[in-house]
Structure formats: structure tokens, C-alpha cells
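Reviewing the structure listed below.
Chain identifiers are assigned alphabetically (A, B, ...) following the order of the sequence lines, protein sequences preceding nucleic acid strands; residue numbering begins at 1 within each chain.
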Protein chains: 2
Amino acid sequence: MAQPASRRERARADTLRDIRSAARAVLVDRGVDGLALRAIAREVGLTAPALYRYFASREDLVEQVVADLYGELCEVMEAARDAVDPRAPGTRLLVTARAFRTWATTHPAEFGLLFGSAADGVVPESPGGEGPAAVAGRRFGGVFATLFAEIHLRRPFPVPADDDLDPGYRDQLRAWCAELPVELPLGVMSVFLSCWVRLYGLVCMEVFGHLRFALTDAAPLFEAEMRALGKRLGIVDEWVPPRA
Amino acid sequence: MAQPASRRERARADTLRDIRSAARAVLVDRGVDGLALRAIAREVGLTAPALYRYFASREDLVEQVVADLYGELCEVMEAARDAVDPRAPGTRLLVTARAFRTWATTHPAEFGLLFGSAADGVVPESPGGEGPAAVAGRRFGGVFATLFAEIHLRRPFPVPADDDLDPGYRDQLRAWCAELPVELPLGVMSVFLSCWVRLYGLVCMEVFGHLRFALTDAAPLFEAEMRALGKRLGIVDEWVPPRA
DNA sequence: GCCGTTAGCTAACGGCGTTCACAATAGTAC
DNA sequence: GTACTATTGTGAACGCCGTTAGCTAACGGC
């Protein structure tokens, strides 16, 4: 862990950090569309071509920022999770989901970069590796998946039998399961997917304004959905009020 | 309905249609990001500044395209709906939802323009009027809302009592209800929102690739969710197999 | 035939991502 | 201390973008 950093290397690392935080700053007050290379360079006090000494392209730079943001989001969620007794995984899921929504609504620009429709390519595809954004994205997904698995481990909720699943669906779930560190019943994974769609879809719709046609504040809807999810997972008794 | 169209007016109307269909073509094979004014002009055989004789700005042109696409999507959905006996509103909802998903997956670029995160401002806000895209968007929302209301009218499904709803939530639902043509119990609207999030959120996630981490084909998940929704709405007996 | 309106053009501005050639600096070998 | 090289910055330029301004031709009504 030493730092044999030749002055130059330290300077380079510093500039790298500066650029990434400048990019973050530009993202926040210029929005996703305003995240221009020249704007970032201006913020750091450099010219645009100089950034090419540090990143192969704008896309590359953005990917690093995405990875940073995933990391930050994960830490927020994990902190919320770890503040709750591990023996109450239902409560853990609840507070983690709330932390996710809170971060999303308080960091709309960052959330848009991570989860917006423009992130088509950035969002991790099924195959492994790729860029740092992909691994960071998997870490994010793993947080919820793990909580989910723990809930089912401690207090199994009803899941469809393998035979009740559509054959094609079953095969896909099996393929996905094969990539995961632990093996889970396919029914559990199908329930996870269903719950994930409800949670993630709701937060996306709120942040991207797709609920403004009806609501000005989606918090009560979110809480109602969380309660419905809790009921589905048999963890209503672990419910706790928000902003604890 | 006569056409006192002075040759000029007819020519103008023709060019207008040409531009919009060219925009559509560019959208399809260049994607949302490739929907550039100059590209559209090239497709029509004009130069970019010429388009300003027809549209105030690129944003304006895009809004017209959005309105066109909403119209097309609505017609597809309404056609699917109207092919089913009105006395089976549950089946109508099912086939309409399937038509929605099918259009979305077979027209990803168009869907991205209508429902992507970049459509922040385009997606209709709660206040009335505004642009043609907003009214087209309301027509779209109305299709599902109406089906939903008809289902509840014909065969009421269980909904939360007003007193069971969070007071702040209740007020928002009331405000929303006031804008609607018909008056509905607040509990029905809350159930509609919940179902809407599941349906719409799922389709968005599929098209925008947010399910690729687990699935290559989201059709079975969609069908499973539709079945769950049907159960929630007490219309399982109206279920029909896909691609009828 | 005249004249205002309309629809098209070219040229230009500032911005974008990106590449290139060049200058200055930092580190290294003798 | 002096040469040499690698690194990090620069400005100029290319081709794209949305948009504006000024010009030219054709159309339509009198």
C-alpha cells in the first residue's frame, strides 16, 4: 500500500480525481445533456484535448463517472442496510429500498445518467466483465438480490413451483442463475424479478417525471407499493416507519 | 371538408407531411440521438434552414413527431381493444396491454422518443393543454384509464377504502380525479396507479435494456405479470392466450 | 405587369467530440 | 551539468450540430 508515487504519478492521480469530480459538478448543474467534454475541461481549468491524456474518449470518461456514482449509491444503500439488525432482513430490504429512492430523488441528474434510457449500452448486459461501469452496476444489483435471498432463506415466502413457470422463462431463469454466486430456486428468482420491476420501475417513473400526470409527490405511492411488496414477501411484521 | 387549398397551401401541406415522415425514417434508422435537423433535411432533399419555414425549432418538429407517434400507438392499441367484445373489458385490457408491449418492442426507437428519460419535458405534466404532444399523451393514458374504469364498473374489484389511504396521497388522488372526465373512487385510482406502474414500468425496462442483466426475452415475464394483474383485478376468467 | 409573400438557398456563429502538430516541462542517464 | 526522452499541456483544424441573417427566385392577387 506504499506510495512509490513519483511526483508525476501523484500529479496525474490528482488531476484524474479533479476531472472526475469536475464531471460530477457539471453533471449536477448542467444536466445529463450538458455533460460536455469542453464544459468539464473548463471546470478543471484545462482545454478539451488535454482530457484525452486521461481518457480515451468522452464515453470513457462518462463510464468512469458512472462507476463512481454506482459506488456512491451502493455505499449509501449499504449504510442504510447495515444500520439495521441482520436478523430483520425484511426491514433491511425496506430501508435499503428507501435509501435507493431517496438518493434517486435527491440526485436526479446522477440518477438519469445511471438509469436513463440513454444508458442503453452502459447498463450491464448479461455477459461478464466489460467496463468498470458494468461491474459497479452488478454490485448495485447484488445488494438487492442478496437481501432478497436472505429474506427467503430466513423465512421462505410462497414461490411458484418450477413446473408452474413457462418453459422458456424457466430456461432463462436457469441461465441467469448460473451466473450468480449462489444457487436459488427458480421460483424465488421469478418473484425477485417481479418485485424488482415494481420497485425499480416505480422509482424510474417518479424521477423521470412519468408520474407527474397524476402525482406531485410519489412518496405515498412508494410507501404503499413497499407495503404491498412486504405483504407479498411475508415481512409485513418487519415494517418500520420512514425516516427513522 | 372542402379543399379551397391554393396550390401553395397544398404544396406546403405536402412538404410538411414529407418532413414528418422523413423525421420518422431518420428516427428509425439513426436512433433518438441521430434525429438531427440536418439529417432530416437531407432525407427530404432540403437544407436544414429550410425546415425553419415549417417548424419554429428542432424541438417543435420533434414534438410533432411525438404527437404522430402517440397517435399511431393509440390507434394500434384501440384496434386491438375494439377487436374484443366490449362485454369482456378484462380481455380488452389484456389485449391492449399486449398491443402496447408489441408496439414498444417492435418500434424501440420510436418508443424511446416517447417514453425515454430524455422526454422529461415532453411527457405531459399535470396542467392542461400545452403542445400537441401533451394532448396526444393524454389520449394514450386515457385508453388504459378508461379500460380500467370499465372493468371496475362491470365487476368491482377490491380497492382500499378512502380512510385506508395516506391523507397526503388521498389529496393528490382527489386533485388528479378532478381533472378527469369521470369521477372515480380514490381507491380505484390508487389501484390503477399501482397496476400502471407495473405494466408501464415493465415495458420500459424491457425496451431500455434494464432487464438484460437477467433475461434475453421478457415476454414470459410480461405474461406472468399480466396474469398477476388479472388476478388482482378479478379478471382471470377473461384471460386469453397471446397472438390471437 | 406590379408587388408583397413565400420557400428555398448560402454563409456564418458558437458549440460539440476528436485529431494533430507543436511547445514546455519533468524525469533519467551519462 | 548536460543531453535525451516521456509526459502533459496548448492552439488550430475537421466535420458535425442547432440556429440566424440575407439573398433570390417563384407564386398569387391586383
Inset, instruction - Give one of base, sugar-phosphate or nothing for B:A50, where a contact means two heavy atoms less than 4.0 Å apart. - result: sugar-phosphate

Inset, instruction - Using a 4.0 Å heavy-atom cut-off across all strands, classify A:Y54 as base, sugar-phosphate, or nothing. - result: sugar-phosphate

Can I get a per-line list of side-chain donor-acceptor pairs under 3.5 Å for residues 27-46 of chain B, giving both atom names and the distance, sequence neighbours left out?
none

Taking only nitrogen or oxygen atoms into account, show me every contact under 3.5 Å that the protein makes with nucleotides 23-28 of chain C, one pair per line with its distance.
{"residue": "C:dA26", "atom": "O4'", "partner": "A:R8", "partner atom": "NH1", "Å": "3.4"}
{"residue": "C:dG27", "atom": "OP1", "partner": "A:R8", "partner atom": "N", "Å": "3.3"}
{"residue": "C:dG27", "atom": "OP2", "partner": "A:R7", "partner atom": "NE", "Å": "3.3"}

Residues in side-chain contact (heavy atoms from CB on, under 4.5 Å) with [X], at least two apart?
| X | result |
| --- | --- |
| A:A149 | A:L184 |
| B:S194 | A:R198, A:E225 |
| A:A97 | A:F144, A:L199, A:F222, A:M226 |

Inset, instruction - Please find the earliest and latest nucleotides of DNA chain D, in the 5' to 3' direction, that have an atom within less than 4.0 Å of any heavy atom of chain A. - result: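 First and last nucleotides in contact are D:dA6 to D:dA13.
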
Legend entry - Shortest non-hydrogen separation from A:A99 to A:M77 and the atoms involved: CB-CA, 4.2 Å

Legend entry - Atom pair CG (B:L202) and CD (B:E206), whose distance is rounded to the nearest 0.5 Å: 6.5 Å

Legend entry - Distance, nearest 0.5 Å, that separates CG of B:L221 from CH2 of A:W196: 13.5 Å

Inset, instruction - To the nearest Å, give me how far apart OH (A:Y52) and P (C:dG17) are. - result: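 A:Y52 atom OH is separated from C:dG17 atom P by 7 Å.
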
Legend entry - Spacing of A:R58 atom CZ relative to C:dG15 atom P, expressed in whole Å: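 Going from A:R58 (CZ) to C:dG15 (P), I get 17 Å.
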
Legend entry - Full working for side chain to side chain contact (heavy atoms under 4.5 Å, CB included) between A:R139 and A:V135: CA-CA 6 Å; A:R139 176 183 167 197; A:V135 315; over 6 Å; no

Legend entry - Those residues of residues 17-38 of chain A lying under 4.0 Å from DNA chain D by at least one heavy atom: A:R38

Side-chain polar contacts of residues 168-175 of chain B - donor-acceptor pairs under 3.5 angstrom, sequence neighbours left out - could you list them?
{"residue": "B:R170", "atom": "NE", "partner": "B:D162", "partner atom": "O", "Å": "2.9"}
{"residue": "B:R170", "atom": "NH2", "partner": "B:L165", "partner atom": "O", "Å": "3.2"}
{"residue": "B:Q172", "atom": "OE1", "partner": "A:T216", "partner atom": "N", "Å": "2.8"}
{"residue": "B:Q172", "atom": "OE1", "partner": "A:T216", "partner atom": "OG1", "Å": "3.3"}
{"residue": "B:Q172", "atom": "OE1", "partner": "A:D217", "partner atom": "N", "Å": "2.8"}
{"residue": "B:Q172", "atom": "NE2", "partner": "A:D217", "partner atom": "O", "Å": "2.8"}

Inset, instruction - Decide if the gap between the ring center of B:F140 and the ring center of B:F115 is smaller than 6.0 angstrom. - result: yes

Inset, instruction - For A:E75, enumerate each residue passing the salt bridge (charged side-chain N to carboxylate O under 4.0 Å, His left out) test, keeping only those at least two apart in sequence or located in another chain. - result: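 Counting only residues at least two positions away or on another chain, A:E75 forms no salt bridge (charged side-chain N to carboxylate O under 4.0 Å, His left out).
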
Inset, instruction - Sorted by first residue and then second, give each salt bridge (Lys or Arg N to Asp or Glu O under 4.0 Å) pair with at least one member in residues 48-62 of chain A; sequence neighbours left out. - result: none

Under 3.5 Å, which donor-acceptor pairs link side chains of residues 13-25 of chain B to any protein atom two or more places apart or in another chain?
{"residue": "B:T15", "atom": "OG1", "partner": "B:A11", "partner atom": "O", "Å": "2.8"}
{"residue": "B:R20", "atom": "NE", "partner": "B:D68", "partner atom": "OD2", "Å": "3.1"}
{"residue": "B:R20", "atom": "NH1", "partner": "B:Q64", "partner atom": "OE1", "Å": "3.2"}
{"residue": "B:S21", "atom": "OG", "partner": "B:D18", "partner atom": "O", "Å": "3.2"}
{"residue": "B:R24", "atom": "NE", "partner": "B:E110", "partner atom": "OE2", "Å": "2.9"}
{"residue": "B:R24", "atom": "NH1", "partner": "B:E72", "partner atom": "OE1", "Å": "2.7"}
{"residue": "B:R24", "atom": "NH2", "partner": "B:E72", "partner atom": "OE1", "Å": "3.4"}
{"residue": "B:R24", "atom": "NH2", "partner": "B:E72", "partner atom": "OE2", "Å": "3.2"}
{"residue": "B:R24", "atom": "NH2", "partner": "B:E110", "partner atom": "OE2", "Å": "3.1"}

Inset, instruction - Identify all stems in which DNA chain D takes part, counting only runs of at least 3 consecutive pairs (Watson-Crick or G-U wobble, each distance under 3.5 Å), and give each as one range with another, ordered by first number. - result: C:1-30 with D:1-30

